[in-house]
Amino acid sequence: MLAGAAGAAALTVALPAGVASAASLGSVPRGPLPFPFTLGVASGDPFPDGMVLWTRLAPQPLAEDGMGGMPARPVEVEWELAADERFGRVERRGVATAAPESAHSVHVELAGLPTGREYFYRFRAEGHISPVGRTRTAPNPNAMGPALTMCFASCSNWTAGFFTAYGALAADEPELVLHLGDYQYEGTGGANAVRPVAGPETATLAGYRQRHAQYKTDPDLQAAHAVAPWLVVWDDHELDNNWADEVPQDPGKQPREQFLARRAAAFQAYYENMPLRRSSVPRGIDMQLFRRISWGRLATFHMMDTRQYRSDQACGDGGRVDCAPRLDPARSLTGAEQEAWLLDGFRRSQSRWDVLGQQVFFAQRDLDPAGPQRFSMDAWDGYVGSRDRITRGWVDAGVRNPVVLTGDVHVHWANELKLDYADPTGPTVGTELVCTSVTSGGDGTDSTPEQDAVVAANPHIRFRNGKRGYVRTRFTGGELRADFRVVDAVRTPGAPVSTKASFVVADREPGLNPA
Ligand code: FE
Ligand code: CA
């Protein structure tokens with residue numbers, strides 16, 4: 001690697017400086033650095049001319065202080081981007097600094113590359129070479145471009161089982177991956193953990209860093225990151241269950257100042273461990289995560305953050321109820337700024353498919369038609385005015401094919417979206433695909449009579465399945481195809497993966513057709 005004279009010279013100059021600063025710190029480990037690429041590699045946020053390349057150095061990923069067993073000194077990391085997997089045609093190379101204050105993570109933000117190209121990348125630090133990742137630039141923004149295979153997933157709880165779904169997703173070799181949140185969980189799973197996690201419930205920067213590092217050691221997750229660039233957004237568990245803006249699920253247990261410090265720590269560790277652009281570097285308790293990624297004229301991905309700006313939970317901490325505040329138009333799931341940004345994006349869009357990559361169940365979902373526990377207040381059902389404004393926004397803007405993608409609920413669903421859910425005969429104005437969890441909830445079951453009754457009570461819901469898995473999509477100018485992939489079991493490794501159901505959405509015809 002880096003046989004070129006310039007690269008080799010940079011390395012030989014850099015190393016003595018690093019050694020010298022390490023020696024001056026006295027107590028740091030001496031001698032050669034053990035293999036530091038235990039967390040794999042990743043890439044993300046592809047633009048037409050570049051993307052982010054990511055890695056993090058951690059020879060001891062489970063180190064309790066969250067520093068991955070790294071010495072407390074900056075380390076130079078060389079990177080290479082090539083047109084071929086064997087790095088015979090290296091097109092870009094450079095050196096980045098992995099610094100202790102960002103847990104020795106590396107974010108290389110590239111620009112100026114040609115559109116619609118596949119690339120391979122790797123890193124080297126102190127004589128060690130990383131695994132190879134594959135990435136790409138987004139297609140020419142002014143052309144429809146080729147078909148896109150995109151997989152999306154959510155809710156990967158280490159303690160609930162094995163990440164077989166991530167391995168299957170990698171085997172599909174998508175060009176793009178969306179992660180819709182609950183990438184990791186703050187809890188420990190207690191005595192029921194299929195796979196134990198190191199450390200207590202995450203609440204400190206060290207704890208979140210350690211937890212992220214442990215997750216990244218999973219070979220299936222590493223394969224999924226290495227196969228394609230990701231677009232990530234968080235949900236609640238990257239911080240704490242069912243949090244809303246500056247309020248934890250149970251304010252009685254976490255004083256405000258304590259929760260805000262926890263939020264800042266979780267955001268910092270999230271940024272460090274995800275292939276995000278500099279625009280997402282956290283500032284205190286804030287982090288810019290909603291953003292727009294275009295895939296030629298074929299698709300626009302509006303990646304949303306429905307946690308950081310939402311109105312407080314009402315009528316209980318996200319539980320299932322039927323209460324008046326859910327209809328209060330002043331309540332918002334997005335915040336005013338993000339809502340305006342989204343509606344503006346609808347008006348400007350010239351895409352064949354406009355995809356909302358977001359967290360929580362969008363369609364109305366009446367869970368208990370005859371009883372008191374009708375609606376999840378943690379989802380859009382708890383923020384009906386917010387949902388109405390966004391649905392009306394894409395209808396009024398004439399968005400050609402609106403598609404909402406959702407995670408959070410640990411069940412596959414496919415829904416037809418309505419302006420008025422009280423009128424099942426009214427027009428369908430969009431389509432929602434909800435991915436089940438990667439592991440959360442354990443092995444799962446296809447369905448039960450009670451769950452079948454929920455589907456029957458919601459005529460716009462066309463499909464439901466309670467196994468684990470992910471969703472594979474294929475976008476063309478004429479249709480969107482969705483394959484609901486399921487894993488037989490997650491409590492044991494290596495279980496078979498299959499397609500439970502497939503649907504097609506035709507251009508200009510929102511709604512679901514069996515494929
Ligand atoms: Fe979850
Ligand atoms: Ca969640």
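Atoms within a ligand are numbered from 1 in the order they appear, just like the ligands themselves. Counting begins at 1 with the first residue of the sequence. As a basis for the values below, the full set of heavy atoms in this structure was taken, side chains included, without hydrogen atoms, waters or symmetry mates.
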*Can you tell me if CD on Glu246 sees more than 12 non-hydrogen neighbours from other groups inside 6.0 Å?*
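Yes, the 6.0 Å shell around CD holds more than 12 heavy atoms from other groups.
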_Polar contact flag, side-chain donor to acceptor under 3.5 angstrom, Asn465-Asp446_ =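 Result is yes, a qualifying pair exists.
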*Find out whether Trp394 and Pro402 are in side-chain contact, i.e. whether some heavy atom of one side chain is under 4.5 Å from a heavy atom of the other.*
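Yes - at least one pair of side-chain heavy atoms lies under 4.5 Å apart.
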*Do Thr188 and Thr159 have side chains that get closer than 4.5 Å, going by heavy atoms?*
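In short, these two side chains do not touch, never coming nearer than 4.5 Å.
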*Out of curiosity, Arg307 CZ to Asp408 CG, how far, rounded to the nearest 0.5 Å?*
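Reported value, rounded in 0.5 Å steps: 6.0 Å.
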*When you draw lines from the Ca ion (ligand 2) to OD1 of Asp236 and to OD2 of Asp182, what angle lies between them, to the nearest 10°?*
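It comes to 90°.
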*In chain order, what residues pass the side chain to side chain contact (heavy atoms under 4.5 Å, CB included) check against Ala147, with sequence neighbours excluded?*
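In terms of side chain to side chain contact (heavy atoms under 4.5 Å, CB included), with neighbours along the sequence ignored, Ala147 is linked to Arg474, Thr476.
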*Can you tell me the N, O or S atom of Asp235 that's nearest the Ca ion (ligand 2)?*
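Atom name of the closest N, O or S in Asp235: OD2.
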_Please give the atom name: the N, O or S atom of Asp408 nearest to the Ca ion (ligand 2)._
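In Asp408, the heteroatom (N, O or S) nearest the Ca ion (ligand 2) is OD1.
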*What protein atoms of element N, O or S are positioned under 2.8 Å from the Fe ion (ligand 1)?*
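Near the Fe ion (ligand 1), below 2.8 Å, one finds Cys155 SG, Asp182 OD2, Tyr185 OH, His410 NE2.
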*Do any N/O/S atoms of Asp378 come under 3.0 Å of the Ca ion (ligand 2)?*
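It does not; every qualifying atom lies at 3.0 Å or beyond.
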*For Ser498 and Val486, run side-chain contact (heavy atoms from CB on, under 4.5 Å): C-alpha distance rounded to whole Å, both residues' side-chain angles, the deciding distance at 0.1 Å, then the answer.*
CA-CA 5 Å; Ser498 59; Val486 297; 3.7 Å; yes
*Could Arg387 and Asp381 be called an ion pair, given the rule that one side-chain N must be under 4.0 Å from one carboxylate O?*
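Salt bridge present between Arg387 and Asp381.
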